[in-house]
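Both backbone and side-chain heavy atoms feed into the values below; hydrogens, waters and symmetry mates do not. Here is how names work: the chains are called A, B, and so on, in the same order as the sequence lines, proteins then strands, and each is numbered from 1.
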Amino acid sequence: MDALFYIFSIIAIFSALMVILVKNPLTSALYVVLCFFALAGFYILLNMQFLAAMQILVYAGAIIVLIVLVIMLLNLAKAKDTIKDFHQLSVGIISVLLLFVEIILYLNTAGETKPTGIYTNAVINKIGNTQIIGQFLFTKYVFPFEVASILLLVAVIGAYIFAKK
Amino acid sequence: MNVNVNVNDYLAVASIIFCIGALGVLIRKNLITIFLSLELMFNAANLGFVAVSEYLNLISGDIFVIFIMVVAAAEAAILLGIAIAFYREKGAISMDKANELKF
């Protein structure tokens, strides 16, 4: 299992780097799909098979396909992008390095928290992770669930208003 | 199941992917690539949620990941509408063309 973790992390980091380094947006989208598959592997290692399936179906299957459709619709595959602006590049790299150092410092200085919940891997495997997510989604988190449906409705109307003319 | 790999390793990978996504948002000029970098940042946050939720033996983080996926889908629909409207207006998708608020 540890070997799988290292393989997945190498694939995920490599493909994430390629997303921001290649010039063609279509190639970027394909590397994003590769990164999402590696992340789905992480979810399986973390004993959340339902989320892994959702990751592949919703992200790689719906969202990225939508983006690829727009790239093809607008004929953007030839819209080459050059990273030549010196100020943008230097400020971006420095601020992201600072961000990384801050995240690592935060993770190192935060106090250690002991596991508090009752849903260990054995309990989740006994009930089934899909069932447990469904139970939580329709009891404790039913109000955010309804709000999410309204959010999707608003997004559909907004996308229609933006794109019509 | 994970003998040597613990939650810190997952958080390290998540923070590296998050920083790569932030770098992509800052240095690229193509609207589509910026959007793909945003998706990378969303997914790094998701990985952090799932790893910590598994470590603390909770379910809340996994539920939160589903809501983040909903928000990402809504954002994708809106942003692609904006991309189409922007392309219709300017004939290109580079953020250099979005300069009407410049003074």
* Could you pull out all residues at least two apart from A/Leu97 that satisfy side-chain contact (heavy atoms from CB on, under 4.5 Å)? => A/Ile93
* What distance separates B/Ile78 CD1 from A/Ile157 CD1, expressed to the nearest 0.5 Å? -> 9.5 Å
* So how far is it from B/Leu26 CG to A/Ile20 CD1, rounded to the nearest 0.5 Å? -> 9.5 Å
* In terms of heavy-atom proximity below 4.5 Å to chain B, should A/Phe8 be classed as side chain, backbone, both, or neither? -> neither
* Structural part of B/Phe35 lying under 4.5 Å from a heavy atom of chain A -> side chain
* Asked: Can you name the residues of residues 101-109 of chain A that have some heavy atom under 4.5 Å away from a heavy atom in chain B?
  -> A/Ile103, A/Ile104, A/Leu107
* Any chance OH of A/Tyr160 has more than 12 other-residue heavy atoms, nucleotides or ligands included, within less than 6.0 Å? -> no
* Take A/Met48 and B/Ile59 through the test side chain to side chain contact (heavy atoms under 4.5 Å, CB included) and record every step on the way to the result. => CA-CA 10 Å; A/Met48 266 295 149; B/Ile59 299 293; 4.3 Å; yes
* **Atom group of B/Ala72 that falls short of 4.5 Å from chain A, counting heavy atoms** => both
* What's the shortest heavy-atom distance between B/Cys19 and A/Val96, and which atoms? -> O-CG1, 3.4 Å
* Among B/Ile82, B/Leu11, B/Ile63, B/Leu79, which residue forms the greatest number of heavy-atom pairs with chain A at distances under 4.5 Å? -> B/Ile63
* hydrophobic_cluster_shared for B/Met41 and A/Val33, side chain cutoff 4.5 Å -> yes
* Structure fact -> So CG of A/Leu39 and CG of B/Leu40: to nearest 0.5 Å the spacing works out to 8.5 Å
* To do: Report the C-alpha separation of A/Ile64 and B/Leu36 in whole Å, then their side-chain angles, then the decisive distance to 0.1 Å, and conclude whether the side chain to side chain contact (heavy atoms under 4.5 Å, CB included) test is met.
  => CA-CA 9 Å; A/Ile64 300 300; B/Leu36 291 171; 4.0 Å; yes
* Contact part of A/Tyr59 toward chain B, heavy-atom cut-off under 4.5 Å: side chain, backbone, both or neither? -> side chain
* To do: Would you name the heavy atoms of A/Ala12 and B/Ile17 that are closest together and state the gap between them?
  => CB-CD1, 3.9 Å
* **Cluster check A/Met72, A/Val32: I/L/V/M/F/W/Y, side chain < 4.5 angstrom** => yes
* Asked: Side chain, backbone, both or neither: which part of A/Val19 has a non-hydrogen atom closer than 4.5 Å to chain B?
  -> both
* Please state whether the side chain, the backbone, both or neither of B/Ser53 comes within less than 4.5 Å of a heavy atom of chain A. => neither
* How far does CZ of B/Arg28 sit from CG of A/Leu21, to the nearest 0.5 angstrom? -> 8.0 Å
* Structure fact -> Nearest heavy-atom contact between B/Ala85 and A/Phe162 is CB-O, 3.6 Å
* Asked: Side-chain contact, heavy-atom cut-off 4.5 Å: A/Leu99 with B/Phe18?
  -> yes
* To do: Determine the option with the most heavy-atom pairs under 4.5 angstrom with chain B, choosing from A/Ala148, A/Gly158, A/Ser149.
  => A/Ala148
* Asked: For B/Ala74 and A/Ala155, which heavy atoms make the closest approach, and how far apart are they?
  -> CB-CB, 3.5 Å
* A/Tyr43: what forms a ring pair (Phe, Tyr, Trp, His ring centres under 6.0 Å) with it, not counting sequence neighbours? -> none
* Look at the side-chain heavy atoms of Ile, Leu, Val, Met, Phe, Trp and Tyr, link any pair under 4.5 Å apart, and say whether A/Ile7 and A/Tyr31 land in one connected group. => yes
* How far does CZ of A/Phe36 sit from CZ of B/Phe42, to the nearest 0.5 angstrom? -> 10.0 Å
* Could you have a look at B/Ile34, B/Leu23, B/Asn8, B/Val13 and say which one has the most heavy-atom pairs with chain A under 4.5 angstrom? => B/Leu23
* A/Pro25 to B/Thr33 - nearest heavy-atom pair and separation -> CB-OG1, 4.3 Å
* Is A/Leu4 reachable from A/Ile56 through a run of hydrophobic residues whose side-chain heavy atoms are each under 4.5 Å from the next? -> yes
* Asked: Looking at residues at least two apart in the chain, or sitting in another chain, which of them share a side-chain hydrogen bond (donor to acceptor under 3.5 Å, both in side chains) with A/Lys140?
  -> none
* To do: Pick whichever of B/Ile16, B/Leu58, B/Ile84 has the most heavy-atom pairs under 4.5 Å with chain A.
  => B/Ile16
* **Verdict with supporting geometry, B/Phe67 and A/Leu137, side chain to side chain contact (heavy atoms under 4.5 Å, CB included)** => CA-CA 10 Å; B/Phe67 289 128; A/Leu137 208 55; 3.9 Å; yes
* Relative to chain B, which segment of A/Ile63 carries a heavy atom at a distance below 4.5 Å: side chain, backbone, both, or neither? -> side chain
* Identify which part of A/Met54 has an atom lying under 4.5 Å from any heavy atom of chain B, answering side chain, backbone, both or neither. => both
* To do: Tell me, with the steps shown, if B/Asn43 and A/Gln55 meet side chain to side chain contact (heavy atoms under 4.5 Å, CB included).
  => CA-CA 9 Å; B/Asn43 278 280; A/Gln55 172 87 9; 2.9 Å; yes
* To do: Is it possible for you to say whether A/Leu45 and B/Leu56 belong to one hydrophobic cluster, with membership spreading through side-chain heavy-atom contacts below 4.5 Å?
  => yes
* Quick check, are the ring centers of B/Phe64 and A/Tyr141 under 6.0 angstrom apart? -> no
* Residue part contacting chain A, namely of B/Val25, when any heavy atom lies under 4.5 Å -> neither
* **Under 4.5 Å from a heavy atom of chain B, the part of A/Phe5 involved** => side chain
* Asked: Could you state the interatomic distance from CG (A/Leu51) to CG (B/Asn46), rounded to the nearest 0.5 Å?
  -> 8.0 Å
* Structure fact -> Tightest non-hydrogen contact, residues B/Glu54 and A/Leu46, listed as CG-O, 3.4 Å
* **Side chain, backbone, both or neither of B/Val70 within contact of chain A (heavy atoms, under 4.5 Å)** => both
